[in-house]
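Reviewing the structure listed below.
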Amino acid sequence: MQGAKKHPASRDMPKTQKILVINGPNLNLLGVREPSLYGKSTYPELVEHIKADAARLKQEVEIRQSNHEGEIVDWIQLARGVFDAIVLNAAAYTHTSVAILDALKAVALPVAEVHLTEPKEREDFRRISYVGMVAEQTFSGHGFLSYTEALEYFARR
Ligand code: DQA
């Protein structure tokens, strides 16, 4: 009896990483929202930036944005078995959401925390990060490049 043969082209081919990028509340207003802090580039421009990085790094990305904590919890739960990693800018929920922290713990997927700004250099209430309690790495303070750094981190990992 012969064993199953692998197609020669599939042998040793690195698997394409599937990454879920989740953006939290008010990030849809980029470009309009406090441009002195967040810049003038818009949310659709951020999406294009992330897609271009993913293409360069040969990753498959799905990019979502929600203003609703429960929807973000649902997306994290459903990522189990579908995505290899999560890049998460939970925005204000970073500093408040035990529910998002629990969801991340439950699915146990690798997480990179991302912020456009550097929250720790802003108001005191931004110093706590629930996401940071489970994230493998945090990339912050570099605008859109914070997302690039997170995707590059998973590409190297
Ligand atoms: C943010 C920082 C958060 O403190 C803030 O609530 C946001 C955006 C950032 O990307 O810099 O909404 O996550």
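Every number for a ligand or one of its atoms is a count from 1 in the order of the listing.
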>> Count I, L, V, M, F, W, Y as connected when their side-chain heavy atoms are under 4.5 Å apart, and connections chain through other members. Are V61 and W75 then in the same cluster?
In response: no
>> Looking only at protein heavy atoms, which one is nearest to atom 1 (C) of ligand 1, and what is the separation?
In response: H115 ND1, 3.7 Å
>> By the definition side-chain contact (heavy atoms from CB on, under 4.5 Å), identify the one residue from I100, V114, L88, V87 that meets it with I22.
In response: L88
> For Y147 and N23, does a side-chain donor sit closer than 3.5 Å to a side-chain acceptor?
Replying inline: yes
>> Hydrogens and angles aside, do E45 and T42 bring a side-chain donor and acceptor to less than 3.5 Å of each other?
In response: yes
> Does E113 use its side chain to pair, donor to acceptor, with the backbone of N89 at less than 3.5 Å?
Replying inline: no
> What orientation do H115 and H95 show, parallel under 30°, tilted 30 to 60°, or perpendicular over 60°?
Replying inline: parallel
> Is R126 salt-bridged to E118, going by a charged N under 4.0 Å from an acidic O?
Replying inline: no
> Which of the atoms in ligand 1, numbered in the order shown and given with their element, are less than 4.0 Å from a heavy-atom of Y38?
Replying inline: 5 (C), 7 (C), 8 (C), 9 (C), 11 (O), 12 (O)
> Measuring from the heavy atoms of N89, does anything fall under 4.0 Å of ligand 1?
Replying inline: yes
> What protein heavy atom sits nearest atom 11 (O) of ligand 1, and how far away is it?
Replying inline: T117 OG1, 2.5 Å
>> Taking distance alone, with N or O pairs closer than 3.5 Å, would you say V114 contacts ligand 1?
In response: no
>> Return the closest protein heavy atom for atom 6 (O) of ligand 1 as residue, atom name and distance.
In response: R126 NH1, 2.9 Å
>> So, regarding L116 and ligand 1 (criterion: nitrogen or oxygen to nitrogen or oxygen, under 3.5 Å), is there a contact or not?
In response: yes
> If you measure from atom 3 (C) of ligand 1 to every heavy atom of E113, E123, H95, which option wins on shortest distance?
Replying inline: H95
> Among protein heavy atoms, which sits nearest to atom 12 (O) of ligand 1, and what does the distance come to when rounded to 0.1 Å?
Replying inline: R33 NH2, 2.8 Å
